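Chain naming here is simple, since letters A, B, ... match the order of the sequence lines and numbering starts at 1 in each. Everything quoted here is computed from the prediction, not taken from an experiment. Heavy atoms only: backbone and side chains are in, while hydrogens, waters and symmetry mates are out.
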Number of protein chains: 2
Amino acid sequence: MTDKNQRHVTMGDVADRVGVSRTTVSFVLSDRPGANIPAETRRRVLEAVRELGYRPNAAAKSLASQRTHLIGLVTEIATAPFAGAIIKGAQEQAWKDGKLLLIVSAERDRQVEDAAVETMLERRVEGILYATTWHRAVTPPAGAGEVPTVLVNCFDVEGRYPSIVPDEAQGGYDATRRLIDAGHRRIAFIALDPEIPATVGRREGYERALLEAGIEPDETLVVPGYADAEGGYARAHELLALPEPPTGIFCGNDRMAMGAYDAVKERGLRIGHDVGLVGFDNQEIIAGYLRPGLTTVALPFEEMGARAVQMLTESPSASGAFAPLLTHCPLVERASA
Amino acid sequence: MTDKNQRHVTMGDVADRVGVSRTTVSFVLSDRPGANIPAETRRRVLEAVRELGYRPNAAAKSLASQRTHLIGLVTEIATAPFAGAIIKGAQEQAWKDGKLLLIVSAERDRQVEDAAVETMLERRVEGILYATTWHRAVTPPAGAGEVPTVLVNCFDVEGRYPSIVPDEAQGGYDATRRLIDAGHRRIAFIALDPEIPATVGRREGYERALLEAGIEPDETLVVPGYADAEGGYARAHELLALPEPPTGIFCGNDRMAMGAYDAVKERGLRIGHDVGLVGFDNQEIIAGYLRPGLTTVALPFEEMGARAVQMLTESPSASGAFAPLLTHCPLVERASA
DNA sequence: CTGAAAGCGCTAACAC
DNA sequence: GTGTTAGCGCTTTCAG
């Protein structure tokens, strides 16, 4: 329809059309404070803009103003049922702030990550978000740090970068607390890999909740499992076969809980009645569709993504090292506990 | 560490350092064909670049060269277990082509979509991808079309834009075929909303497979269900209660299949033996963790994302209207059929 | 083989 | 109030 490959309309064209200078056009378009443009001139400029279909050129603007309003996001999208949520949160916050997100997925490939950051720096991004799919320690790509950088769902062991992560301990506490409130006293914890922050934190919360309720933690009720349905199934069966079996089970994640459901059902027990089950992650597709619905703890991906964008422009840096900012993990109550 | 807020090193700085002109620097950095730069000069330039930590300014480059190597992606990320895959496919292909993806999620909000496209055009993107979470007809945002645009997982009713969608019919055919090959003759289809392209296509494939195998389609075996686990559960129960129940069930999606599992199990039948089950979507988290594993058809999101990026630079446009490009939906065999 | 010079489209002092 | 002017950092013809 319209001129596709014809040269773009420039600010000068608009100025000519109205019979004013480019400065004037620039001023009305950027609503420059302290530029008293008569209403009539302003109107005519805007009109010309519309008629001519003028569209500012961001590159020219960036070059002249030295501002790009671009934020780079480096992440591992592949393995991610979750990454989408981080992107969404970050994107929406950025959009609100009038910024745009430049995204590149570097699947844990240091080469690609470095190249990605390099490219972003050439693009003069005003900040970089480095996000991971699961909570862990990382060493951010070279080049990050030349602009404000925030780590999302991960942290730098040396604390050189601000970072935002889920409050695993609080989540573990709330999950366990839920079981306690439902009347359970023997509560098991089917853990993930004992090394990772998620496990450490969740277990810490689990034990604190127990202690607070006057329940002595029982080592035999804390078992590590392979982080999927099979793992949850196997561990749950073992736990339920114990001489003094638990009546409440806190599963390291929803996938394990999914397996635990099968185990509980196979033993003829009713979930939510005979045995209470709580998961972690709130993977809608599991938690929401399991029958009965799985009570679980949600990972605040969207919120972390959004907050991270805000952090980019906040407090440039505290003096020493950065402690990860903990984000609340809300308990999502359904019917399993 | 390094100069953070100091002015950036420019090409001129590099030129001065080496004692050549900016042109020369530009030529060696862009490997300009037909610019016979002596190896020694070239080496010295590269060295100076490294020493000075020179980083080209993309905005300046874009302004001068009138190329941005930017591709815009407008999508609805929220509702998406899938969107991530499209982004990933598109991102990786773009990266390979030396392009960057500008992403904005517009949750089916026309206002936001239009604004997003507008912003992208200001950014002078060289192409726009408009992707949806589920296969459907759309009317692309205003402004798209001013640059090459490709619709992903959706299509324009009027065929004004090239688009790429899943080959639903082929998927439905393969799914049904799988059941037939497993020896089933009475095969039911629990459909999604009968209006949507997914249902229409999958059903078409289902019937074609039946016919080809000499099986007369039986209307009573085709039932619409609410597209979630509850829906699948309910419909499966009804089907299995029929005087002449099906032994094979093709479920409109994996969530429904998930519900069907429960129904089949409750009737004391064994999945994969007494009754064959096939889903659609290949949602890893369901299909892979259900026990036994669910045989299903995968939606080629990554491939569509990647192909779409390629399409952007291909055949500018055929003459008349565009027919959606069908993408193969691979059957993923597990144990349920 | 390399340099001078003219833009690319816009911003922002500084004048008028 | 509005115009002049000098860049922003790079590409690219055109000379030499």
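The residue from B/R32, B/R43, B/R42 that alone fulfils the side chain to side chain contact (heavy atoms under 4.5 Å, CB included) condition with B/I37 is B/R42.
As rounded to whole Å, 12 Å separates atom C1' of C/dC10 from atom CZ of A/F27. The CZ-P distance, from A/R55 to C/dC8, rounds to 19 Å in whole Å. The CG-P distance, from A/D31 to C/dT11, rounds to 13 Å in whole Å. What separates NE2 of A/H69 from C1' of C/dC10 is a distance of 13 Å, to the nearest Å. We find that CG of A/N57 is positioned 13 Å from C1' of C/dT11, with the value rounded to whole Å. The interatomic distance linking A/L29 (CG) with C/dA12 (P) rounds to 13 Å, in whole Å. B/R32 places its CZ atom 15 Å from the P atom of C/dC1, with the value rounded to the nearest Å. One atom, CZ of B/R44, and another, C1' of C/dT2, lie 13 Å apart when rounded to the nearest Å.
Mapping heavy-atom proximity under 4.0 Å, the span of DNA chain D touched by chain B runs 5' to 3' from D/dG9 to D/dT13.
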Working for salt bridge (charged side-chain N to carboxylate O under 4.0 Å, His left out), residues A/R44 and A/E47: CA-CA 5 Å; A/R44 289 175 51 220; A/E47 184 179 280; over 6 Å; no
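For the pair B/I37 and B/S65, both in contact range of DNA chain C, the more 5′-proximal nearest nucleotide belongs to B/I37. Toward the 5' end of DNA chain C, the nearer of the two residues A/A59 and B/P38, judged by each one's closest nucleotide, is B/P38.
Close to C/dC8, at under 4.0 Å from its OP1 or OP2, lies no side-chain N or O of A/T10. Between B/Q66 and C/dG9, a side-chain N or O to OP1/OP2 separation shorter than 4.0 Å is present. Residue B/T24 places at least one side-chain N or O closer than 4.0 Å to OP1 or OP2 of C/dG3.
Contacts between residues 11-23 of chain B and DNA chain C, counted as heavy-atom distances below 4.0 Å, involve B/G19, B/V20, B/S21, B/T23.
Side-chain contact of B/T327 with B/E303: a donor-acceptor pair under 3.5 Å is absent, judged by distance alone.
Note that CG of A/L100 is 10.5 Å distant from NE2 of A/H69, once rounded to the nearest 0.5 Å. For the atom pair CG (B/L129) and CE (B/M311), the distance works out to 9.0 Å, reported to the nearest 0.5 Å. Residue A/Q93 holds its CD atom at 11.5 Å from CD of A/E302, rounded to the nearest 0.5 Å.
Residues B/T149 and B/L151 form a side-chain contact, since some pair of their non-hydrogen atoms from C-beta on lies under 4.5 Å apart.
Counting heavy atoms of neighbouring residues, nucleotides and ligands inside a 6.0 Å radius, atom CD of A/Q111 does not exceed 12 of them.
The residue A/S30 sits apart from the nucleic acid: no heavy atom pair falls under 4.0 Å.
Taking each heavy atom of A/P166 and A/L299 in turn, the nearest pair found is CB-CD1, 4.1 Å.
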